[in-house]
Amino acid sequence: MSLSTLPSQVSGPVGITAPVLDVVVPVYNEEIDLEPCVRRLHAYLTDAFPYPFRITIADNASTDSTADVARRLAGDLREVAAVHLAEKGRGRALKHVWTHSDAAVLAYMDVDLSTDLGALLPLVAPLISGHSDLAIGSRLARGSRVVRGAKREFISRSYNLILRGTLSARFSDAQCGFKAIRGDVAERLLPMVEDTGWFFDTEMLVLAERAGLRIHEVPVDWVDDPDSRVDIVATALADLRGIARLTRALGTGRLPLAALREQLGRNPLPVAGVPAGLAGQLLRFAAVGVASTLAYLMLYAVLRNGAGPQWANLVALLLTAVANTAANRRLTFRVRGTGGAWRHQVQGLVVLAVGLGLTSGSLALLHALTTPATALELAVLVVANLVATGVRFLLMRSWVFRAAHEPNMNTTPSTV
């Protein structure tokens with residue numbers, strides 16, 4: 001499958017009468033709740049929303065009379081459209097409608113209208129202005145007011161904690177059925193989103209965040225629907241599988257997120273006199289360096305009594321150097337995939353030799369001058385490691401991972 005950030009070919013040009021906002025209501029077997037929901041939403045948008053709008057009912061394979069209700073509503077209300085899909089999946093329905101819509105801003109909300117509609121304009125306003133790329137309603141943000149049972153509260157908070165721990169997500173609420181995205185962003189981002197079910201939202205948000213897109217969060221008033229038909233266990237298992245798949249995809253670097261960042265103008269702002277990306281690389285390199293130094297010192301302290309200072313220093317450096325190179329490859333210089341990994345490790349060992357020369361030379365000089373206590377040895381090694389760390393960063397940036405920040409060079413494959 002070829003992955004691209006180019007606009008989808010199925011979405012046609014924006015027409016002169018295209019609405020500013022297209023609100024999608026994905027439904028499955030909602031013959032009872034659909035009509036009052038859509039009429040209430042239509043009345044609100046007619047009275048309170050200052051821009052042209054459309055409501056699209058996305059029926060994904062309903063087996064009751066939902067499709068008939070949707071067609072009747074589309075006939076009665078000029079701003080309502082109905083789409084029927086033969087296959088189930090909320091994500092599939094959203095992706096289909098969003099990639100075919102001519103609206104400038106695309107949104108969706110659940111049919112139960114659990115979220116107060118008063119949050120809709122604050123949700124889409126930053127997208128209409130172009131300030132933000134995506135927007136989400138959050139039940140976990142400060143200022144939100146939520147009414148729901150303890151079980152759903154625990155599940156929701158646990159899920160978002162898992163996302164933070166596994167995918168480093170910074171958005172507060174992945175599951176609230178109240179989201180929006182700019183049309184031009186959707187054209188480039190959605191081809192990379194694979195999930196067709198409930199994990200669709202999470203995958204879209206994680207990829208957007210990794211691409212540096214701006215996600216606006218709106219605290220919402222939200223009342224749980226006691227008649228919700230979501231299978232919590234099945235959804236949770238599907239979400240965990242989605243997290244595992246997305247973690248692998250991000251780890252192998254097969255998603256062209258850097259190209260998306262470039263196309264949408266979300267690259268880091270330049271700093272006068274500082275090469276592009278240097279400030280972030282320094283911070284990430286420092287964090288990896290602190291962790292490596294602590295690991296090195298602990299290993300040295302453990303090995304010194306049995307192996308002596310020089311052998312302890314060599315073994316501790318070797319073990320931490322391999323982990324240090326791998327961490328800097330992925331975290332500091334953002335190199336994904338397995339291409340060049342062995343070469344980078346060999347080059348990392350050459351860089352290690354420089355650090356070994358500095359630390360071993362410092363130890364040799366110290367022992368030539370005096371018989372030091374262990375505390376003094378550790379202090380000298382800390383200073384020597386600081387010097388070696390600076391040299392290591394310069395060598396990694398200018399030699400080992402040079403292609404990661406040079407223009408017109410990309411270590412990340414764009415196809416699978």
Side-chain angles (χ1 to χ4, degrees), residues 14-27 33-58 73-74 77-81 90 93-94 97-98 101-148 171-187 189-190 200-201 204-205 208-209 213-225 264 266:
V14 176
I16 298 176
T17 59
V20 172
L21 176 67
D22 192 348
V23 182
V24 181
V25 182
V27 290
D33 294 335
L34 178 58
E35 182 163 0
C37 158
V38 170
R39 290 193 179 278
R40 177 184 164 197
L41 176 59
H42 182 271
Y44 175 83
L45 291 171
T46 301
D47 294 339
F49 194 73
Y51 302 100
F53 67 88
R54 178 192 301 129
I55 300 171
T56 301
I57 304 168
L73 287 167
L77 303 171
R78 183 170 59 88
E79 294 87 358
V80 174
R90 185 185 66 165
L94 289 175
V97 176
W98 280 356
S101 179
D102 57 354
V105 175
L106 312 166
Y108 95 87
M109 60 182 61
D110 292 334
V111 69
D112 56 19
L113 297 185
S114 295
T115 305
D116 178 46
L117 293 176
L120 182 58
L121 185 55
L123 182 82
V124 302
L127 308 185
I128 295 173
S129 70
H131 175 270
S132 297
D133 304 301
L134 297 90
I136 64 173
S138 175
R139 298 161 298 184
L140 303 178
R142 181 176 299 179
S144 62
R145 296 186 299 177
V146 176
V147 178
R148 64 176 164 183
F171 47 85
S172 65
D173 190 353
Q175 295 176 306
C176 182
F178 195 70
K179 296 182 176 71
I181 184 172
R182 281 190 1 229
D184 59 323
V185 175
E187 287 180 337
L189 178 62
L190 294 187
F200 173 87
D201 304 50
M204 177 182 69
L205 290 172
E209 200 169 67
L213 305 186
R214 186 171 289 153
I215 301 175
H216 175 67
E217 295 199 13
V218 177
V220 297
D221 295 343
W222 191 87
V223 180
D224 187 19
D225 177 15
L264 295 175
R266 293 306 185 192

TODO: Measure up the Trp98 and Phe200 rings against each other and bin them: parallel (under 30°), tilted (30 to 60°), perpendicular (over 60°).
DONE: tilted
Task: Nearest non-hydrogen partners of Gln175 and Asp173, listed with the distance - done: N-OD1, 3.2 Å
TODO: Could you check Leu94 against Met204 for side chain to side chain contact (heavy atoms under 4.5 Å, CB included), going step by step and ending with a plain yes or no?
DONE: CA-CA 11 Å; Leu94 289 175; Met204 177 182 69; over 6 Å; no
Open item on the list: Taking side-chain contact (heavy atoms from CB on, under 4.5 Å) as the definition, give me every residue that meets it alongside Val111, ordered by chain and number, with sequence neighbours left out.
Closed with: Val25, Val27, Glu30, Leu34, Cys37
Open item on the list: Give me the atom names and distance for the closest heavy-atom approach of Leu106 to Gly183.
Closed with: CD1-CA, 4.0 Å
Task: Minimum heavy-atom distance Ala174-Leu205, with the two atoms named - done: CA-CD1, 4.1 Å
Task: Backbone of Leu134 reached by a side-chain donor or acceptor of Lys179 within 3.5 Å - done: no
Task: Phe49 and Tyr51 aromatic centres sub-6.0 Å - done: yes
TODO: Find the distance between CG (Leu123) and CD (Glu217) and round it off to the nearest 0.5 Å.
DONE: 10.5 Å
- [ ] Say whether, by atom type as modelled, one donor and one acceptor occur between the side chain of Asp112 and the main chain of Ser114 under 3.5 angstrom.
- [x] yes
Task: Inter-residue atom distance Ile181.CD1 - Ile215.CD1, 0.5 Å rounding - done: 9.5 Å
TODO: Applying side-chain contact (heavy atoms from CB on, under 4.5 Å) between Pro219 and each of Ser144, Pro122, Ser138, Ser172, report the one that passes.
DONE: Ser144
- [ ] May I ask you to test the Ser101-Arg54 pair for a side-chain heavy-atom distance under 4.5 Å?
- [x] yes
Task: Heavy-atom pair with the smallest gap, counting every atom of Met109 and Leu117 - done: SD-CD2, 3.7 Å
- [ ] Identify whether the distance between the nearest side-chain nitrogen and carboxylate oxygen of Asp224 and Arg139 falls below 4.0 Å.
- [x] no
Task: Derivation and outcome, side chain to side chain contact (heavy atoms under 4.5 Å, CB included), residues Leu73 and His42 - done: CA-CA 10 Å; Leu73 287 167; His42 182 271; over 6 Å; no
- [ ] Can you sort out the partners of Thr115 under side-chain contact (heavy atoms from CB on, under 4.5 Å), two or more places apart, ordered by chain and number?
- [x] Cys176, Phe178, Val220, Trp222
Open item on the list: Determine whether Val23 and Glu79 satisfy the following criterion, side chain to side chain contact (heavy atoms under 4.5 Å, CB included), listing intermediate values before the conclusion.
Closed with: CA-CA 10 Å; Val23 182; Glu79 294 87 358; over 6 Å; no
- [ ] Please list all pairs passing the side-chain hydrogen bond (donor to acceptor under 3.5 Å, both in side chains) test where one or both residues lie in residues 128-137, with sequence neighbours left out.
- [x] Asp133-Arg182, Asp133-Arg266
Task: Among Val105, Val185, Leu21, the one residue meeting side-chain contact (heavy atoms from CB on, under 4.5 Å) with Leu127 - done: Val105
- [ ] Take Arg90 and Asp201 through the test side chain to side chain contact (heavy atoms under 4.5 Å, CB included) and record every step on the way to the result.
- [x] CA-CA 10 Å; Arg90 185 185 66 165; Asp201 304 50; 2.6 Å; yes
Open item on the list: So, taking the atom named OH in Tyr44 and the one named CG in Leu121, what distance separates them when rounded to the nearest 0.5 Å?
Closed with: 6.5 Å
Open item on the list: Could you check whether any side-chain heavy atom of Arg39 comes within less than 4.5 Å of a side-chain heavy atom of Leu77, counting everything from C-beta outward?
Closed with: yes
